[in-house]
Each structure stands twice: as structure tokens, then as C-alpha cells.
Amino acid sequence: PAQSKKPLRMLIMGSPGSGKGTQTERMMKHFEMEAISSGDLLRKHIKAGTEIGTVAAKIIAEGGLVPDGVMVNLMTEELQKLKDKTLLLDGFPRTLPQAEALDVALASNKMPLDLVINLDVPPEVILQRIEDRWVHIPSGRVYNLSYNPPKVAGKDDVTGEPLSKRPDDNVETFKKRLDNYFSMTKPLISYYENQGKLRSFHGETSDIIAPQIKEELAKWYAKQ
Ligand code: ATP
Ligand code: MG
């Protein structure tokens, strides 16, 4: 994968089911980066039965948002561990207070955010994706039964371990997640637009969007 001389700080945003995890996997094939997904991190805490996991499990199952303070602590700890790396954050920040806390944390490392990738996917195509989605929890790898099925049904391609259905990937909970996205997260688009950092990519499928992102990232990696 292509390297960047100066570490980059990037975010990927988009509604639930817009393909953030899928695009992240594809970017990692072409560009050197560490990806941190707040949702994957929380699911690992739940699986491990930690204190954070216990609090998060109920909230996530109901389609709510984990409190800002918990998320900020969790994510700044991860950022600290990966201080000198090129980073892509997925799922964090999700509220304005989280975005402000992230800016403060990055400023104190003298590493401000470079780029915000926004996935702009029509809402009509998203619900079907969620019904077809299966995940490998330890790695965060995502499969879709219609257009990206696992090689062996129900098994992760890399490890052969079982895939699971996310408990929040059902119609009722998904509606709440979408509502939260529109009220809490979508306002961040103008926050980053005002900072001149936002790049939006439009398309109905991940295959259409992936090459557009690749082109944008190639510019960033080349110019550092
Ligand atoms: P997708 O995985 O399809 O992109 P998503 O963005 O809704 O969908 P995740 O990012 O995996 O899903 O997050 C799952 C759940 O974890 C959220 O619905 C929320 O309850 C919780 N969560 C994740 N990140 C945050 C955050 N930054 N702030 C608050 N809650 C969060
Ligand atoms: Mg995700």
C-alpha cells in the first residue's frame, strides 16, 4: 500500500449502512493507514464483557447513542496509542461535542484533521443492505448476501470463523439509528464543510464510490 510521509488524519462519515466499513477495507488495500471504528470497538467491548461493554450493549441494541464522555475517553485513548500513524476514524465523532473534543485532542498532538470523507448514498438503497448484512465481529469485516457474500456461507473468508447478524440491524432499531444520524450526526457535515475539509462522494453502490475515494486519497498521499 502507498505510504504518506507525514501522517494523515482522516474521517469517514455517512448514514448507517452507507458502506463506511466496506470503503475502509478497500482503502486499506491501497493506502497505508490504521482504521479505528467506534462501532467495532464497542462490539469488542461487549463481546469481552467489559464495563463499557455492559453500558453500551443496551444502548446499541435500542439504537441509541453511547454518552459523549464515554466515547471521547475511549477514542482519545485509541488515538494516543496510534499517535504517529496515518489514521482513519469511522463512526466517531457522531455529535458536535464529540467533534469539538476530537479537534482539541488532535490539536494537542499538533495533528489537525486533514480530510473528511462523506458517503452520500440514497436512503432507499440502505434498508435492504442492512437486512442482508453479516459481520465478522473480531475483525469488523462486513459481508452482504446480495453483492458481497462470503465464500463459504456463514463463515469469514479470512479466518473461517462464524459470521453474526448485528442485533441492531433490524428494521425497528435501524429507523432509530437513522433518526439519530439525521438529528445528531448530519449537522457535522456543515461543521467540516466550514473547515474546508469535507469531500462528498455520491453513488448507489460501494463499487461506484470506491474509485472516487481512491482518486482523492491518491492526491493526499502524493502531496505529503
Ligand atoms: P454502520 O456500521 O452501518 O456504518 P452505524 O454507523 O449505525 O452503522 P456503528 O458505527 O457500527 O453503526 O455503531 C453502532 C452503534 O454503536 C451506534 O448505533 C451507537 O449506539 C454506538 N456508537 C458507535 N459510535 C458512537 C459514537 N461515536 N457516539 C455514540 N454512540 C456510538
Ligand atoms: Mg460501521
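For ligands, and for the atoms within them, numbers begin at 1 and follow the listed sequence.
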With a 4.0 Å heavy-atom cut-off, what residues sit around ligand 1?
Pro16, Gly17, Lys20, Ser38, Gly39, Leu42, Arg43, Ile60, Gly64, Leu65, Val66, Met71, Gly91, Phe92, Arg94, Gln98, Arg133, Arg166, Asp168, Arg177

Do Asp157 and Arg141 sit within salt-bridge range, that is, some charged N less than 4.0 Å from a carboxylate O?
no

Just to verify, what does Asn73 make a side-chain hydrogen bond (donor to acceptor under 3.5 Å, both in side chains) with, not counting sequence neighbours?
none

For the atom pair CG (Leu115) and CD1 (Ile213), what is the distance rounded to the nearest 0.5 Å?
9.5 Å

From CA spacing to verdict: side chain to side chain contact (heavy atoms under 4.5 Å, CB included), Ile209, Gln23
CA-CA 8 Å; Ile209 293 181; Gln23 297 296 351; 3.6 Å; yes

Note: Arg43-Asp40 ion pair, threshold 4.0 Å (strictly below)
yes

Using a strict threshold of under 4.0 Å (side-chain N to carboxylate O), is an ion pair present between Asp114 and Lys223?
no

